[in-house]
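I have placed the structure first, in the form of structure tokens, so that the comments after it can refer back to it.
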Amino acid sequence: MKQVHRLMNRSLQRGQALLWFLATTATCCAVLALVYNVGQVTNEKEKTINAADASALSGALVEARILNFEAYTNRAMIANEVTIAQFASMDSFIRYAQTLSQNIATYTSWVPYLNDVTQTIADGVQAAQDVFDPVAYGTITGVNGVIEALKVAREAANLVGAVAANEVAGQVAGANKTVFNGRFDTAPEVNGTVNAAFLVVNEVTWMNFTSSYDGNDRGNAAQVILNSRDQFTKARGLGLVLDAINIAMELNTLGLSGIEKTSGSTTLVDYDHWAAQDSLDSWVLTPQFCLGVIPCGFTRTYLPVPLGYGRTDVDSDGSVGRDLCNPSGGAPNCTLAVNNANVIQPPGWQGIPNIRDLANPGGANNADPSLTYVSAVQKSADATLTTQRIGGGMNNVHINGPQGSPDLTDNLQNSDRLTSIAAARVFYARPDWNTRDITEGNLPRPDRKHEYASLYNPYWQARLTPPDPAMTTLLYAAIGKPGLNLVMP
């Protein structure tokens with residue numbers, strides 16, 4: 001009887017292992033589906049992060065390249081301005097050579113044979129001046145037009161800087177998708193609402209990063225231009241022939257007389273006026289008396305003899321600037337140069353152009369300035385291919401009660417989208433001198449000094465940087481998850 005009862009209990013217990021197996025299998029499938037879904041969302045989230053990084057870095061690179069373009073235009077404007085100074089210098093020097101050769105021809109007109117030589121030289125220099133005068137005017141006018149065109153191009157590029165960066169950032173974000181071999185992927189896109197705010201931030205940051213220096217603020221630009229002059233423009237001396245004559249005169253007169261190049265330079269009289277002047281004067285030493293009767297040395301006295309003089313002014317009002325004579329006064333050929341100046345008035349002349357440079361330049365005690373470009377990228381969850389997207393059916397199973405539910409529907413932020421924020425920093429970095437780095441070539445400064453940020457050299461570049469917490473807070477508030485960034489690790 002007991003045996004029969006035992007057999008009946010066993011028959012009633014059959015099938016329980018199958019139930020446990022099915023329940024365990026269902027749980028394992030749910031866990032597997034959960035792990036799969038998390039992996040799919042994480043993978044797409046990583047793609048969104050990469051798209052945001054590429055978008056931000058591309059926008060920053062556009063801004064860096066525009067800053068480099070502005071640096072190139074500034075350098076071109078400076079080079080053209082130096083060209084104007086060079087032509088003014090040559091015009092002044094040719095006029096000086098013409099008056100010198102003509103005066104020598106006049107003084108030697110009574111010497112047979114020599115007068116023919118000196119007059120021929122004077123006629124040749126006069127012909128050279130006649131040819132060069134219109135060339136100087138035309139070249140200076142043309143170069144001034146080039147400077148104005150460069151200024152327009154520079155300002156146009158600066159005006160659209162942030163907008164162009166935003167456009168490229170959006171295109172790069174959309175290009176970060178997988179479509180080869182028949183694969184399906186949803187293209188990332190910049191978040192319209194957030195990037196509208198970021199565009200304002202990027203635009204304000206961009207516009208405040210540089211400033212156009214005009215009027216009396218052109219001091220730095222003028223100094224850079226003056227430092228860029230060649231030696232002929234800076235200082236024109238006697239030359240080998242006149243040096244030899246001067247040495248011979250001083251030897252023959254025991255140093256009591258000689259000739260001197262009393263002026264020979266080109267400079268800015270003000271920001272809108274180039275002046276080039278050349279003059280040659282003869283001098284003698286005359287006794288100097290103290291208390292009216294006691295000899296106490298000699299003083300150099302310039303003789304009132306016309307020798308060589310020339311001057312060229314480039315401005316808009318036809319004025320002649322101050323005398324560039326080296327002695328304090330009394331050199332007659334300096335006066336002749338000023339009184340017979342050639343004034344060139346190019347149409348539309350504005351002098352030293354306004355130069356766009358950093359609004360707050362760095363220095364030895366200040367960090368080099370930089371600017372940040374921010375971009376937010378979102379991606380629709382259609383391409384996550386979770387069990388909800390591929391129609392596995394598990395997202396449709398919802399069981400009420402304490403036993404729980406294998407409901408695996410996605411709960412993504414930002415209206416079923418994946419969203420990411422990224423930032424990139426635009427900064428200036430010219431390599432410092434390093435004898436161990438064979439790849440730096442000629443990039444470091446020849447004087448081996450560190451170069452601080454400016455818009456005179458094109459060494460602007462970009463790299464990724466952590467986004468500002470304020471921008472991250474703005475992003476999460478815009479997608480309806482305010483404060484999420486404050487609780488996430």
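- With Tyr428 contributing its side chain and Glu451 its backbone, the two residues share no donor-acceptor pair below 3.5 Å.
- Scored by the side-chain contact (heavy atoms from CB on, under 4.5 Å) test, Val200 finds Val204 as partners (sequence neighbours excluded).
- No hydrogens or angles considered: nothing links the side chains of Arg311 and Ser92 as a donor-acceptor pair under 3.5 Å.
- Ring pair Phe209/Trp460: centre-to-centre distance below 6.0 Å.
- Not counting sequence neighbours, the partners of Asp230 by the side-chain contact (heavy atoms from CB on, under 4.5 Å) test are Gln86, Phe232, Thr233.
- Listed here is the closest heavy atom pair of Arg236 and Lys261: O-NZ, 2.8 Å.
- Ring centers of Tyr96 and Phe93: under 6.0 Å apart, within the cut-off.
- Side-chain atoms of Asp357 and Asn220 form no donor-acceptor pair, as typed in the model, at a separation below 3.5 Å.
- Of the candidates Thr73, Asp214, Thr210, Thr210 is the only one forming a side-chain hydrogen bond (donor to acceptor under 3.5 Å, both in side chains) with Arg356.
- Judged purely by distance below 3.5 Å, without hydrogens or angles, the side chains of Asn74 and Arg154 pair a donor atom with an acceptor atom.
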Atom pairs and distances, donor-acceptor, side-chain atoms in residues 163-173, under 3.5 Å, two or more places apart:
| residue | atom | partner | partner atom | Å |
| --- | --- | --- | --- | --- |
| Asn166 | OD1 | Tyr373 | OH | 3.4 |
| Glu167 | OE2 | Gln171 | NE2 | 3.1 |

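- Looking at every heavy atom in both residues, Ala470 comes nearest to Asp468 through N-OD2, 2.8 Å.
- For the pair Gln129 (side chain) and Arg95 (backbone), a donor-acceptor distance under 3.5 Å is absent.
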